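Owing to the predicted nature of the structure, the values given are computational and were not obtained by experimental measurement. Heavy-atom basis, side chains included; hydrogens, waters and symmetry copies ignored.
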Amino acid sequence: MAENPPKKSSIAALVFAWAFALSPLLWGVFQTLKKAAALFR
Amino acid sequence: MPEPSFLARERTVAEPGYNRWLVPPAALAVHLCIGQAYSLSVFSLPMSRLLGVTDPAPGDWPMTTTVWMFNLAFAALGASAFIWGKWLERVGPRRAMFVAALCFASGFFIAAAGISLHRLPLLYAGFVVYGVGLGLGYISPVSTLIKWFPDRPGMATGMAIMGFGGGALIGAPLAQNLMDHFKTASSVGVAPTFVTMGILYFLFMTFGVVTVRVPPPDYCPERYSPPTSTEKLVTTANVTADEAIKTRQFWLLWAVLCLNVTAGIGVLSQASPMIQEMFQGRVNAGAAAGFVGFISIFNLLGRFFWSSVSDYLGRKATYTVYFALGTALYCLVPTLGRLGSITFFVGAFGIIFTMYGGGFATIPAYLRDIFGVLQVGAIHGRLLTAWSVAAIVGPTLLTYLRQYQVAHGVAKTEAYTATMYIMAGLLVVGLVCNTLVTAVDERRHVKG
C-alpha cells in the first residue's frame, strides 16, 4: 500500500458530518422542550 | 471490466485511514428521517377533514379509517425487515439505504396522490411503500456499525437507533409548520406537506447513502484485540439468519423485545389522556402534550445511554435492569398518582422510557453477542416482527383495560392502577425470558 498512503479524514469532514446529522435533531429537541415546559408551569 | 455501480458494496469499502466516526452520522441521517413514523398521528385530525377543511364533511375519511395508514406502515416495516434482511447483507448498506430512501419518499408521494384524488386504496398503498422504506432503513446501518465498532457495538447501534427516537421530535413540528404554511380556505395542506416532506427526507437520507462505508474485511480498530475464545454469551462464531430463527435463543429474545415494547408503547399511545385523567384539573391538554414530548426526549436519551452502558454491563445484565427497575417503577406509578406528585410521576415515566428506548437500541448488540456478526442485520430484521406485534398489542391492551375499568365503575383517576400492575407483570415475564437466554449450541454455528 506504499503507493496509496493512508488518507486521514479531516476534522472538518467529521465536524460537518456530525453537525449536519445532529442539527435537525437539536431543533426537534428544542421544539419539544418548549412544549414540555408547559407541564411544569 | 466495467466499474461497479456507485451503490455496489465494493464501492463502499473504506480506504485505509478512513475515520470510522464518519459512519454514525450516515446512519443517524437515515434513522432521523424514518423516525418520522412515530409522529404520523399529527396528521390524524387534519386528514379527518380533507373535504370539509374546518369540520369533517360527508365523504371525509374518519380517524378510524386513516389510523390504518399507521398500522400498515408498521406492519410493512416488520415484513420488509424480515423479507429483505438477507438481501441487505448481500448488497451492502449503500444500496439498501438508497432503496429505503426511494421507498420512504415515494410512499409520501403516493399518499399525497391518494389525498389529492381522494382515493383511500392509493393512500394505503403509499403507506405500505413508506413502511418498506422504514424496514429497510431501520436495519440497513446496523451490521455496518457493528463491524466498524466491534469494541463498542452497543454504543454504535445506539447512536443510530437514537435517531429513530428523535425522528418524531423533528417530524411533528416540521409537519405542523408545513401544514400551517400550505393550508388555504379550501385545503388543510396535507398533500403538499407530504410532497415537501418526501423531498426533504429523500435529500437528507441521500447524505447517509453517499457517506456510508463498510470496513475492509480484516478491519480491527486501534488498541482493540478481539476475544480469542468464546466468552460467556459473547460468541466469536456465527449463526446464519435461517438457522437463528430455529433456536430457542432467538424466540426468547423475540419475547424480550416484544414484552419490553408492549408495555412502553401501550403507555405511549395513551400518555396524554392518562396524565390528564390521573391528575384531573391539574394537567390540561397543553401540559399533557408537554408530557408526551418529555417522555419522547427520555426515550431518545435512553437509546444512547443504555446501549452504551450495555458495552460495560453486558447485554443480559442490562435487560435485567430494564425489567427489574421497570417492574418496580410501574408498580410505583399508581402510588405516585394518588400522592398527587406530578414531578415524581413524570420522573418515573422518564426513567421507564429511557429503558423502553434502551430496549430497542441494545437488541442489535445482544443479537451480535449471541449469533455473531455474519448476518446480524438479517437476524435483527426478523426479530423486528416482535415490534410489529407489540405495536398492535400494547395500545389495544391498555385502551381495553382502561375501558373495562371505567365501565365497571372505577373512577377515571384510578382506572390505570390495574393497567400499571399488568404492565409490570409483562416485564416480569420479560425478566424470566431474559434469564433463560443462554449461548447457542455449537452445532448451529457456521462451519469453516
Toward chain A, the part of B/Val292 with a non-hydrogen atom under 4.5 Å: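 When you check distances to chain A, no heavy atom of B/Val292 falls under 4.5 Å.
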Is it the side chain or the backbone of B/Ile295 that comes within 4.5 Å of chain A heavy atoms, both, or neither?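 Neither part.
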Does anything in residues 199-208 of chain B reach chain A? List residues with heavy atoms under 4.5 Å apart, or say none.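 Residues B/Phe204, B/Phe207 are the ones that qualify, each having a heavy atom under 4.5 Å from chain A.
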A/Lys35, NZ: over 12 other non-hydrogen atoms inside 6.0 angstrom: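 12 or below, so no.
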Are the side chain of B/Trp21 and the backbone of A/Trp18 linked by a donor-acceptor contact shorter than 3.5 Å?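 Checked: no pair found.
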Is it the backbone or the side chain of A/Leu33 that comes under 4.5 Å from a heavy atom of chain B, or both, or neither?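 Contact with chain B involves both backbone and side-chain atoms of A/Leu33.
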With only heavy atoms counted, which part of A/Phe30 is less than 4.5 Å from chain B, the side chain, the backbone, both or neither?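 Neither part; nothing is under 4.5 Å.
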With heavy-atom distances below 4.5 Å as the criterion, would you say the side chains of A/Trp27 and B/Pro173 are in contact?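 Side-chain contact under 4.5 Å: yes.
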Highest number of heavy-atom pairs under 4.5 Å with chain A: which of B/Gly290, B/Pro25, B/Ala168?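 The residue among B/Gly290, B/Pro25, B/Ala168 with the greatest pair count is B/Pro25.
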Leading residue by heavy atom contact count with chain A [cutoff under 4.5 Å; candidates B/Thr211, B/Val346, B/Thr343]: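 If we count pairs closer than 4.5 Å to chain A, B/Val346 comes out on top.
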Once rounded to the nearest 0.5 Å, what's the spacing between atom [atom1] of [X] and atom [atom2] of [Y]?
X	Y	atom1	atom2	answer
B/Ile297	A/Thr32	CD1	OG1	5.0 Å
B/Met162	A/Leu22	CE	CG	6.0 Å
A/Leu14	B/Leu22	CG	CG	4.5 Å

